[in-house]
Q: 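Mind having a look at this structure? Questions to follow.
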Amino acid sequence: MLLLFAVVLIHEVGHATAARYFGWRVNEIILLPFGGVAVVDEHGNRPLKEELIVILAGPVQHIWMMGIGTLFHYMGLWHDMYELFMLHNMMVLLFNLLPIWPLDGGKLLFLFYTSIYPFKAAHRAMLRSSLLFLLFLVVLTVSVFPLHLNLWMVILFLCVAHFKEWKHHQYIYLRFLLERYSKKYDGANQVLTVMPEMKLNDILATFSRGRHYQIFIQNLNVKTDEQELLEAYFKKNQIGCAVGSLFL
């Protein structure tokens, strides 16, 4: 058990170290009997490359651990628990790469969706896809490992994580918008052309990560910045208003 905790801890410290390197706020590292999670306070506005490095910084730890373990073994310096050490590393590595939220594979899946869809739609798509993979894992467990208590504990944890993530979907989307409003992140400028009768919340739902929006309102010939729309959304509480009414 201590060996497994050590492997999981190094995995999560890899995530945390990469996150701190990029200036992310790391709140805590939680270790569980069957895994762990590094809790960071970032909400989808970091560059794709940066977040990819943070996600992969966990799995890559197993590569050097297994490499050093194998080297010590063949040098005759390590025999006790060598096979168990390798098994734990391979088990944690492969399991974490499953495309299920909140595993590293699930985070990679979310990262992929945010690269092609707006943030709000990407979050929904990730949860639906992740749930399908989770159901497949449940079927596989029933068929092959029906009495594997530890695996059922992991599945229970993943089910609870899915429920909480789906329940907090709107809150996660609002954090994404709020961070854009409170901090201006670098991103490629993109002109978003909208009709004056479009609702403010519908326009904001089209926002994607890695892009800074200039809004052009047709017919009114008004060009504005996303910050002005976000200010109307958060400070003026004009959530469902037509965007054209903001400039009349």
Q: What closest approach, in Å, do Ala242 and Pro196 show between heavy atoms, and which atom pair accounts for it?
A: CB-O, 3.5 Å

Q: Are the side chain of Asn96 and the backbone N or O of Val92 linked by a donor-acceptor pair below 3.5 Å?
A: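 Yes; at least one donor-acceptor contact below 3.5 Å.
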
Q: Has Trp166 got a side-chain atom pairing as donor or acceptor with Arg128's backbone, closer than 3.5 angstrom?
A: no

Q: Measuring from Leu3:CG to Phe85:CZ, what's the distance to the nearest 0.5 Å?
A: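 Between Leu3 CG and Phe85 CZ, I get 6.5 Å after rounding to 0.5 Å.
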
Q: Mind checking whether Leu56 and Leu108 have side chains closer than 4.5 Å, heavy atoms only?
A: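 Sidechains of Leu108 and Leu56: in contact.
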
Q: Working to the nearest 0.5 Å, report the span between CE of Met65 and NE2 of His88.
A: 11.5 Å

Q: Between CG of Leu87 and CE of Met66, what distance do you get to the nearest 0.5 Å?
A: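 Leu87 atom CG to Met66 atom CE measures 11.0 Å (nearest 0.5 Å).
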
Q: Sequence neighbours left out, what passes side chain to side chain donor-acceptor pair (under 3.5 Å) with Tyr113? Give chain and number order.
A: Ser129

Q: Checking Gln61 now: which residues fulfil side chain to side chain donor-acceptor pair (under 3.5 Å) with it, not counting sequence neighbours?
A: Trp64

Q: Please say which of Phe207, Phe119, Tyr171 ends up in a ring pair (Phe, Tyr, Trp, His ring centres under 6.0 Å) with Phe176.
A: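 Running ring pair (Phe, Tyr, Trp, His ring centres under 6.0 Å) over Phe207, Phe119, Tyr171 with Phe176 returns exactly one hit, Phe119.
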
Q: Thr224: what forms a side chain to side chain donor-acceptor pair (under 3.5 Å) with it, not counting sequence neighbours?
A: Glu228

Q: With rounding to the nearest 0.5 Å, note down the distance linking CG in Leu103 to CG in Leu94.
A: 12.0 Å

Q: Would you say Glu226's side chain and Tyr213's backbone share a donor-acceptor pair under 3.5 angstrom?
A: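 Checking the backbone N and O of Tyr213 against the side chain of Glu226, a donor-acceptor pair under 3.5 Å is found.
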
Q: Enter the distance from Leu127:CG to Ile100:CD1 here, rounded to the nearest 0.5 Å.
A: 12.5 Å

Q: Does His15 have any ring pair (Phe, Tyr, Trp, His ring centres under 6.0 Å) partners at least two apart in sequence or in another chain, and if so, which?
A: His11

Q: Measuring only between side-chain heavy atoms, which start at C-beta, is Phe163 closer than 4.5 Å to Lys167?
A: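 Phe163 reaches Lys167 side chain to side chain.
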
Q: What do the steps show when you test Tyr173 against His123 for ring pair (Phe, Tyr, Trp, His ring centres under 6.0 Å), and what is the final call?
A: CA-CA 8 Å; Tyr173 165 63; His123 190 248; 9.6 Å; no

Q: Below 3.5 Å, can you tabulate the donor-acceptor pairs from side chains in residues 137-145 to any protein atom, sequence neighbours excluded?
A:
residue, atom, partner, partner atom, Å
Thr141, OG1, Leu137, O, 2.8
Ser143, OG, Val139, O, 2.8

Q: Distance-only, no hydrogens or angles: does the His148 side chain make a donor-acceptor pair with backbone N or O of Leu151 under 3.5 Å?
A: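 Present.
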
Q: Does the side chain of Asn89 pick up a donor-acceptor pair with the side chain of His62 at under 3.5 Å?
A: yes

Q: To the closest 0.5 Å, what do you measure between CD (Gln227) and OG (Ser182)?
A: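 Between Gln227 CD and Ser182 OG, I get 8.5 Å after rounding to 0.5 Å.
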
Q: Strictly distance-based, threshold 3.5 Å: is any side-chain N or O of Trp24 a donor or acceptor partner for the main-chain N or O of Val26?
A: no

Q: Among all residues two or more places apart in sequence or in another chain, which pass the side chain to side chain donor-acceptor pair (under 3.5 Å) test with Thr114?
A: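 In terms of side chain to side chain donor-acceptor pair (under 3.5 Å), with neighbours along the sequence ignored, Thr114 is linked to Arg209.
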
Q: Is it true that Glu83 and His73 share a donor-acceptor pair across their side chains at a distance under 3.5 Å?
A: no

Q: Using only atom types and a distance under 3.5 Å, with no angle test, would you say the side chain of Thr17 pairs donor to acceptor with the backbone of Gly14?
A: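 Such a contact is absent between Thr17 side chain and Gly14 backbone.
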
Q: Within the 4.5 Å heavy-atom criterion, are Val243 and Ile217 side-chain neighbours or not?
A: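 Yes, their side chains come closer than 4.5 Å.
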
